[in-house]
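Beneath this line is the structure, given in structure tokens, with notes to follow.
Hydrogens, waters and symmetry mates are skipped; everything else that's a heavy atom, side chains included, is used. Quantities reported herein were computed from a predicted structural model and do not represent experimental measurements.
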Amino acid sequence: MANISATNACNLLLIIQACFLLMLSVSTAHEFHVGGAMGWSEPTGNETETYNQWAMKNRFHIGDTLYFKYVNDSVLVVDHEDYKKCETKRPVHEFTDGNTTFQFDRFGYFYFISGLPEHCKSGQKLIVRVMVHPEVLSPWHAPSPLPEGGQGSISSPSGQPKSNGAVKLITAASSSMIMAALVITLFIA
């Protein structure tokens, strides 16, 4: 093993600390409370903003969660067409427990509506766009499209299907660890 000078050891320690701080910032997920204190409920017309206006003010990422609090209602995750029509017969997911936490497992659009069609038509519906983190998408792991009419396909606002396939992301945290390992190797060699 080669000797490490005090300067090199100090630099190495700073690099390792920076990598760990970066990992902490990347791995933090947020929980968003849909509807705030009012929860997930039929709009009365006295609200200061719609569910979609609220969603546009936030940035959602993979790993973040939405918390829905509701009584005598439900939350349906649907595709874009069913969202537009307030169609409740073919949900991708249905939640009825009154305290639902939904975690985003991919980037793209998610469509939520009330399980009561009249509530949905009154505006109890939500579109969330989950952003791609500023990580690097691995070009050799592009998302594969679902078969036409596949169960659970999610559409963009233009109606184009989005993939539910797993997209492999090389996260900033894992990239930082690789970089740290390379730097350590350089200092030791």
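Every side-chain hydrogen bond (donor to acceptor under 3.5 Å, both in side chains) that D73 has, sequence neighbours left out, goes to S114, H119, Q124. In this view, F95 satisfies the ring-ring contact (aromatic ring centres under 6.0 Å, His included) rule with no residue, not counting sequence neighbours. Listed by chain and residue number, T44 satisfy the side chain to side chain contact (heavy atoms under 4.5 Å, CB included) test with N46 (two or more places apart in sequence, or in another chain). Among residues two or more places apart in sequence or in another chain, the side-chain hydrogen bond (donor to acceptor under 3.5 Å, both in side chains) test is passed with T48 by none. Partners of E87 under the side chain to side chain contact (heavy atoms under 4.5 Å, CB included) rule, at least two apart in sequence or in another chain, are D82, K85, K89, R90. Residues meeting the side chain to side chain contact (heavy atoms under 4.5 Å, CB included) test with S74, sequence neighbours left out: L76, T96. Residues forming a side-chain hydrogen bond (donor to acceptor under 3.5 Å, both in side chains) with N72 (at least two apart in sequence, or on another chain): none. Residues passing the side-chain hydrogen bond (donor to acceptor under 3.5 Å, both in side chains) test with S122, sequence neighbours excluded: E42.
Note on V77 and W40: same hydrophobic cluster, where clusters join Ile, Leu, Val, Met, Phe, Trp and Tyr whose side-chain heavy atoms are under 4.5 Å apart, directly or indirectly. Transitive grouping of hydrophobic side chains (ILVMFWY, heavy atoms separated by less than 4.5 Å) keeps V128 and M56 in distinct clusters.
G108 approaches R106 most closely through the heavy-atom pair CA-NH1, 3.9 Å. Taking both residues in full, the closest heavy atoms of G115 and T88 are given as O-CG2, 3.6 Å, listed atom of the first, atom of the second, then distance.
Paired with L126 under the rule side chain to side chain contact (heavy atoms under 4.5 Å, CB included), one option of Y111, W54, Y83 passes, and it is W54.
Annotation: salt bridge (charged side-chain N to carboxylate O under 4.0 Å, His left out) contacts involving residues 115-131, sequence neighbours excluded, are absent. For residues 56-114, the disulfide (SG to SG under 2.5 Å) pairs, not counting sequence neighbours, are C86-C120. Sorted by first then second residue, the salt bridge (charged side-chain N to carboxylate O under 4.0 Å, His left out) pairs that include residues 48-60, not counting sequence neighbours, are E49-K57.
Residues F104 and T65 have side chains not in contact (no heavy-atom distance under 4.5 Å, counting atoms from C-beta outward).
Residues Y109 and D79 bring no donor and acceptor atom of their side chains to less than 3.5 Å of each other.
Taking OG1 of T50 as the start and CD1 of I127 as the end, the distance is 10.0 Å to the nearest 0.5 Å.
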Side-chain donor-acceptor distances from residues 30-37 under 3.5 Å, at least two apart:
unit_1 : atom_1 : unit_2 : atom_2 : d
E31    : OE1    : H33    : NE2    : 3.2

Take T101 and F68, measure what side chain to side chain contact (heavy atoms under 4.5 Å, CB included) needs, and give me the verdict at the end. CA-CA 6 Å; T101 300; F68 295 86; over 6 Å; no

Would V130 and D64 count as a side chain to side chain contact (heavy atoms under 4.5 Å, CB included) if you check the C-alpha gap in whole Å, the side-chain angles of each, and the deciding distance to 0.1 Å? CA-CA 9 Å; V130 177; D64 288 348; over 6 Å; no

Could you walk me through whether F112 and L66 satisfy the side chain to side chain contact (heavy atoms under 4.5 Å, CB included) test, starting with their C-alpha distance in whole Å, then the side-chain angles of each, then the deciding distance to 0.1 Å, before giving a yes or no? CA-CA 11 Å; F112 301 89; L66 290 181; 3.6 Å; yes

Go through the steps for N99 and Y67 under the test side chain to side chain contact (heavy atoms under 4.5 Å, CB included), then give the verdict. CA-CA 7 Å; N99 290 299; Y67 174 72; 2.5 Å; yes

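Panel note: side chain E94, backbone P91; no donor-acceptor pair is recorded below 3.5 Å. Although no hydrogens or angles enter the test, the distance criterion places a donor-acceptor pair under 3.5 Å between the side chain of E47 and the main chain of G45.
In this structure, F110 and F102 have perpendicular ring planes: the angle between them is above 60°, well past the 30° mark.
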